[in-house]
Amino acid sequence: MGEFTIKMPDVGEGVAEAELVEWHVKAGDPVREDMVIAAVMTDKATVEIPSPVTGTVIWLGAEVGDKIAVKAPLVRIETNDGATRPGDAPAAEIASVSTAQVIDVGESIEVTPAATAGTDAALADGRQLRQTKKEQAHTDVVHTDVAQTDRARLDRTEIDKPLASPSVRRVARDAGVDLRQIKASGPGGRILHEDVEQFIARGESPPQAPAMARKTSSEEVKLTGLRRRIAEKMTLSTSRIPHITYVEEVDMTALEELRNTMNRDPKPEQPKLTVLPFLMRAIVKAVADQPNINATFDDDKGILTRHGAVHIGIAAQTPAGLVVPVVKNAEARSIFDCAIEMGRLAEAARTGTATRDELVGSTITISSLGALGGIVSTPVINHPEVAIVGVNKIAIRPHWDGTQFVPRKMMNLSSSFDHRIIDGWDAATFVQRVRLLLETPALIFIEG
């Protein structure tokens, strides 16, 4: 019999510690070589740690939520080869990690299987929409059945209603007596005053409905893993960045007509277009005139870095939490190219297969809640960026065209800016430029 100690591996350049987010084993469990025994999370990735030996777990060095220093003992395994090896497990074997999530976090859109062709403000769960259409054929029948059921219930209520004069009903109501519990002595089954008085004199009372149970329990849930990293990221952003949020209404009618036309007969290699690729191209054009907005700010050094490349993060909600896949070099991509890359990254984020490089490096972020986008939002800036563009839902609303109200497809943009870097005037100028491009979509396709 021997003993083998697995220590916390070096899971990334410059990483001194990692958080334990999951145990796959407990003391006494048998393990085999290459079996995943634990998962840890650094600032950027979730890493699975395999066992390099076969044996039995005899000791665990931490609890879920603990932070463990690199090279600290993590697990001890009793082996059957007769060798005692207290040193590090081979670095090459432990380093065979699986990057699951990276959490440069802003606000979110919901990434679902329907999001693989792009995740935008107009995106809804396709399966739910199809199910809604399928069920629509039954709606009239259901409504008829409900109406008939309600009518029958009302008829039964009238039949069961006790016979009594208004004055008798008033006396019973004031005394808290249910007339249905009183035996009538009047003609035709009518309840008389004396029937109520005798019922009260006997001290009888109708059976009381059981009281609703009070809930006094509470549950403490420790934040671990990605959820804790999201909390830390949000705290960092809101504590360091003085936010200013600017909301503007955008008439999306022309863009929606263009988008529907472009989606009508797409080529085989072209994805279905959503609103987000158009917004991405509008942002590229708008930041060209205001380079301070496509920038990152180093708080500690007091240095603002203006970026020539426009790397647009798309804040996404995945089953594990918020992540921000990044469409790199949006300034060099067409509308269709933006849609293809966004769809690929959305699927990778949803399945947890996105690489580290695909989830870091954004210079400005888009936040959208899709069909749940609401009327207005206050998105949190993805630190160390200085701006985030929030997309709200599109809805048909009356719009004054100068002579009359006409129905138009309207959408609000709710955008937040770092007030240390971006003044209110500059924020408004940027949003108004984006608005002009979206309301006149032909301008998006004009180069220069």
Side-chain angles (χ1 to χ4, degrees), residues 107-108 110 112 121 124-125 127-223 227 231 245 247 249 317 369-378 390 392-400 404-412 414:
E107 294 297 285
S108 73
E110 182 176 0
T112 68
D125 190 323
R127 291 174 297 178
Q128 182 178 347
L129 291 177
R130 289 193 295 272
Q131 183 65 20
T132 300
K133 292 178 180 179
K134 181 179 178 181
E135 293 172 354
Q136 189 62 44
H138 301 288
T139 302
D140 293 338
V141 176
V142 171
H143 284 176
T144 301
D145 290 344
V146 170
Q148 292 175 345
T149 301
D150 289 345
R151 181 68 260 171
R153 185 181 299 113
L154 180 59
D155 291 343
R156 287 195 302 269
T157 300
E158 293 297 325
I159 293 173
D160 295 339
K161 186 177 181 180
L163 294 176
S165 67
S167 61
V168 170
R169 292 184 185 281
R170 183 170 58 255
V171 171
R173 183 174 61 251
D174 293 343
V177 173
D178 185 349
L179 288 176
R180 290 173 297 181
Q181 304 298 317
I182 300 177
K183 185 177 180 180
S185 63
R190 182 176 295 275
I191 299 174
L192 306 177
H193 278 284
E194 46 266 37
D195 296 331
V196 176
E197 293 170 356
Q198 291 174 7
F199 183 87
I200 295 174
R202 291 195 299 268
E204 298 183 21
S205 61
Q208 299 296 317
M212 297 180 68
R214 294 184 179 181
K215 294 184 178 181
T216 58
S217 62
S218 60
E219 179 184 9
E220 294 183 352
V221 179
K222 185 176 182 180
L223 296 185
R227 189 75 262 164
T245 299
V247 181
E249 189 176 49
Q317 180 69 41
L369 291 172
L372 300 177
I375 298 174
V376 69
S377 57
T378 55
N392 298 111
K393 67 181 179 182
I394 297 176
I396 297 177
R397 297 198 288 265
H399 180 73
W400 182 254
Q404 61 181 341
F405 283 103
V406 294
R408 305 290 287 180
K409 293 182 178 180
M410 308 300 293
M411 179 186 78
N412 288 347
S414 303

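- One finds the CD1 atom of Ile396 at 10.5 Å from the CZ atom of Arg408 (value rounded to the nearest 0.5 Å).
- Atom CG of residue Asn412 and atom CD1 of residue Ile394 lie 11.0 Å apart, to the nearest 0.5 angstrom.
- With rounding to the nearest 0.5 angstrom, the CD atom of Glu194 is 7.0 Å from the CD atom of Gln198.
- Other residues, nucleotides and ligands place more than 12 heavy atoms under 6.0 Å from the CG atom of Leu223.
- When all heavy atoms of Gly189 and Ala184 are compared, the pair lying nearest together is O-CB, 3.2 Å.
- Here the side chain of Asp174 pairs no donor or acceptor atom with the backbone of Val171 at under 3.5 angstrom.
- Considering CG of Asn392 and CG of Leu369, their distance stands at 8.0 Å, rounded to 0.5 Å.
- Here the straight-line distance linking atom CD1 of Ile375 with atom CE of Met411 works out to 14.0 Å at 0.5 Å rounding.
- Between the CD1 atom of Ile182 and the CD atom of Glu197 there is a distance of 10.5 Å, given to the nearest 0.5 Å.
- Between Thr378 and Val247, the closest side-chain pair of non-hydrogen atoms is not below 4.5 Å.
- Residues Pro162 and Ile191 come closest through the heavy atom pair CB-CD1, 3.9 Å.
- Ser185 approaches Asp195 most closely through the heavy-atom pair OG-OD1, 2.6 Å.
- By the neighbour-count criterion of 12 heavy atoms within 6.0 Å, atom NZ of Lys222 is densely surrounded, having more than that number from other residues, nucleotides or ligands.
- Residues Arg397 and Glu249 share a closest heavy-atom pair of NH2-OE2, 3.1 Å.
- For the pair Leu179 and Ala164, the tightest heavy-atom approach, listed with the atom from each and the gap, is CD1-CB, 4.1 Å.
- Nearest approach of Ser414 to Ser377, heavy atoms of both residues: CB-O, 3.0 Å.
- Here the rule is side-chain contact (heavy atoms from CB on, under 4.5 Å) with Val168, and of Arg190, His193, Arg173 only His193 fits it.
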